[in-house]
Trainee: 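If you scroll down you'll find the structure; I have some questions about it.
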Amino acid sequence: MNNNFGNALPVKISILEARKWALSELTAAGLDKNESADNIDFLLTGALNINYGMLHANITRMLPENISQVWPQWIAGLINRRPPQYLLGLAPFYGHEFMVDERVLIPRPETEQLVEWILKDLKPGTEALKVLDIGTGSGAIIETLLLANSRLQGLALDISEAALSVAEHNAQRLNVANISFIQSDVWQNLDQQTQFDIIVANPPYIDISQQDKMDQSVKDYEPDLALYADNQGLAIYQTIAQDLGQHLTTNGRAYFEIGYDQGPALVELFQAAVPDAKVTLKQDFAGLDRMIRVRRHGN
């Protein structure tokens, strides 16, 4: 890398110059120009804590020394396909910023649609509702729900102790109340009698045979434990389905993010598991089956 910044020492350089240098390095390394520009601006706006309009309005200002010191390392990370969210240590989700690193998946915009569906289904009322998030990862789903509606009381579980520590840190950062955490492989460490009004999960659902079709940055940096599942990606759903009816209240609802080609199989799976429920598929903005709801007793 042609490091014009010196050996990670404080330098005086404008935001514009830093941006131009970074774009030159990334395109020279063979990365797409538009994607590179997006990643650079994501890092700059995040590090400076400003929006994109403010970034371009202040483009000739000096880059703060603390950012200029790490800038060459961040650009080297982009060249090595490390996700910019991991470089920055933060990822936006539903109007909040969640701390992320290689212990957890990066929350995606598509998952915001799942959160939106759950919130729209909530009827007015004052009674507390118990929410379970299976495979919470960074905590983005359940913590967003709790921040949006004070009636909700949350339990977040994950098989990964490392992921749970990230989720707990995010709860503290965002001042999320009424949440607890438990390490568990799906239902394993839950009391069999515990029931929830809302159950949500964005579990691993990628068949390992599909790995060669995935983005290199995902394969290299995001945790395999949160990505891949056996049985054509259906294994975790099958485990969830076994005891879903037992843990869902009489009028409860369960919501899942799914693979675009898994809809019919999962409708059949959940309908058989909870016969008194209505199972509904929902498409994302691209028109693909990406969400499913199991709604008991037509609630």
Side-chain angles (χ1 to χ4, degrees), residues 93-94 105 107-123 129-145 148-149 152 154-159 184-187 190 195-207 210 214 226-299:
F93 185 81
Y94 210 84
L105 287 184
R108 263 64 173 187
E110 293 84 356
T111 307
E112 294 182 344
Q113 295 178 250
L114 184 68
V115 168
E116 185 70 23
W117 195 11
I118 297 170
L119 292 174
K120 283 184 176 180
D121 277 353
L122 286 174
K123 296 178 180 178
L129 299 174
K130 294 175 65 177
V131 182
L132 172 68
D133 183 12
I134 300 173
T136 195
S138 66
I141 293 176
I142 192 166
E143 292 171 18
T144 298
L145 290 171
N149 193 307
L152 305 181
L155 175 62
L157 66 82
D158 205 293
I159 192 174
S184 181
D185 184 359
V186 189
W187 311 113
L190 283 183
Q195 290 190 315
F196 300 89
D197 301 289
I198 298 170
I199 295 173
V200 61
N202 179 15
Y205 56 72
I206 300 171
D207 187 338
Q210 302 299 310
M214 296 169 62
L227 290 170
Y228 306 109
D230 294 333
N231 299 344
Q232 290 78 51
L234 300 176
I236 308 302
Y237 298 111
Q238 292 166 336
T239 301
I240 292 172
Q242 288 173 8
D243 293 330
L244 180 62
Q246 180 177 326
H247 289 283
L248 203 57
T249 60
T250 303
N251 293 310
R253 298 182 297 272
Y255 301 80
F256 306 98
E257 184 168 324
I258 65 174
Y260 71 92
D261 58 350
Q262 296 173 330
L266 290 177
V267 168
E268 182 179 349
L269 174 69
F270 286 119
Q271 193 65 75
V274 191
D276 62 339
K278 180 179 180 181
V279 182
T280 305
L281 273 177
K282 190 176 179 66
Q283 289 73 43
D284 62 12
F285 290 133
L288 301 172
D289 291 340
R290 289 303 300 272
M291 293 159 277
I292 196 166
R293 179 182 65 193
V294 181
R295 185 172 64 178
R296 210 166 205 180
H297 289 316
N299 180 37

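Along the sequence shown, the residues carry numbers beginning at 1.
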Trainee: For the atom pair NZ (K278) and CD (Q271), what is the distance rounded to the nearest 0.5 Å?
Mentor: 10.5 Å

Trainee: Can you tell me which residue pairs pass the side-chain hydrogen bond (donor to acceptor under 3.5 Å, both in side chains) test with a partner in residues 227-238, sequence neighbours excluded?
Mentor: Q211-Y228, N231-Q238

Trainee: Less than 4.5 Å apart, side chain to side chain, heavy atoms only: is that true for T111 and F93?
Mentor: yes

Trainee: Can you tell if the side chain of V267 reaches within under 4.5 Å of the side chain of L281, non-hydrogen atoms only?
Mentor: yes

Trainee: Mind checking what makes side chain to side chain donor-acceptor pair (under 3.5 Å) contact with Q210, not counting sequence neighbours?
Mentor: K213

Trainee: Donor-acceptor pair, distance only, cut-off 3.5 Å: does the side chain of E116 make one with the backbone of Q113?
Mentor: no

Trainee: Ignoring hydrogens, what is the shortest heavy-atom contact between L234 and A265? Give both atom names and the distance.
Mentor: CD1-CB, 4.2 Å

Trainee: Minimum heavy-atom separation for I236 to P203, with atom names?
Mentor: CG2-CB, 3.7 Å

Trainee: Side-chain contact test, heavy atoms from C-beta onward, threshold under 4.5 Å: evaluate it for M214 versus I206 and give yes or no.
Mentor: yes

Trainee: Would you indicate whether E268, at its atom CD, is surrounded by more than 12 heavy atoms from other residues, nucleotides or ligands within a distance under 6.0 Å?
Mentor: no

Trainee: Among all residues two or more places apart in sequence or in another chain, which pass the ring pair (Phe, Tyr, Trp, His ring centres under 6.0 Å) test with F270?
Mentor: F256

Trainee: Is there a donor-acceptor pair under 3.5 Å between the side chain of E257 and the backbone N or O of I292?
Mentor: no

Trainee: After noting the C-alpha distance and the side-chain angles of L155 and D133, does the key distance pass the side-chain contact (heavy atoms from CB on, under 4.5 Å) rule?
Mentor: CA-CA 6 Å; L155 175 62; D133 183 12; over 6 Å; no

Trainee: Hey, are the side chains of N251 and D197 touching, using non-hydrogen atoms and a 4.5 Å cut-off?
Mentor: no

Trainee: Applying side-chain contact (heavy atoms from CB on, under 4.5 Å) to I141 and T136, what does each step give before you reach the verdict?
Mentor: CA-CA 7 Å; I141 293 176; T136 195; over 6 Å; no

Trainee: Which heavy-atom pair separates P107 from A140 by the least distance, and what is that distance?
Mentor: CB-CB, 4.1 Å

Trainee: Measure the CD1-CE distance between I258 and M291 for me, rounded to the nearest 0.5 Å.
Mentor: 8.5 Å

Trainee: Under a 3.5 Å distance rule, please check whether D185 uses its side chain to pair with a backbone N or O of I159 as donor and acceptor.
Mentor: no

Trainee: How close do A201 and I240 get, counting heavy atoms only, and between which atoms?
Mentor: CB-CD1, 4.2 Å

Trainee: Indicate the atoms forming the closest heavy-atom contact of T280 with W117, along with that distance.
Mentor: O-CH2, 3.7 Å

Trainee: Check whether any side-chain heavy atom of Y255 lies under 4.5 Å from a side-chain heavy atom of V115, and answer yes or no.
Mentor: no

Trainee: Can you name the residues that form a side chain to side chain donor-acceptor pair (under 3.5 Å) with Q195, not counting sequence neighbours?
Mentor: none

Trainee: Of all residues at least two apart in sequence or in a different chain, which pass the salt bridge (charged side-chain N to carboxylate O under 4.0 Å, His left out) check with D261?
Mentor: none

Trainee: Between E112 (side chain) and Y94 (backbone), is there a donor-acceptor pair under 3.5 Å?
Mentor: yes

Trainee: Under the side-chain contact (heavy atoms from CB on, under 4.5 Å) criterion, do D289 and L266 qualify, and how do the steps go?
Mentor: CA-CA 11 Å; D289 291 340; L266 290 177; over 6 Å; no

Trainee: Do L269 and V279 have side chains that approach each other closer than 4.5 Å (heavy atoms only, starting at C-beta)?
Mentor: no

Trainee: Mind checking the OG1-CG spacing from T144 to L152? Nearest 0.5 Å is all I need.
Mentor: 11.5 Å

Trainee: Is any side-chain heavy atom of I142 closer than 4.5 Å to one of V131?
Mentor: yes

Trainee: Atom CG in D158, atom CD1 in I134: separation rounded to 0.5 Å?
Mentor: 10.5 Å

Trainee: Where is the tightest heavy-atom contact between W187 and I199, given as atom of each residue plus distance?
Mentor: CH2-CD1, 4.0 Å

Trainee: With a 4.5 Å heavy-atom cut-off, do R290 and K282 have their side chains touching?
Mentor: no

Trainee: Using the test side-chain contact (heavy atoms from CB on, under 4.5 Å), find all partners of V274 that sit at least two apart in sequence or belong to another chain.
Mentor: L244, D276, A277, V294, R296

Trainee: Is the side chain of D284 donor-acceptor paired with the backbone N or O of E110 at a distance under 3.5 Å, no angle test?
Mentor: no

Trainee: Between atom CD1 of I198 and atom CG of D121, what is the distance when rounded to the nearest 0.5 Å?
Mentor: 8.5 Å

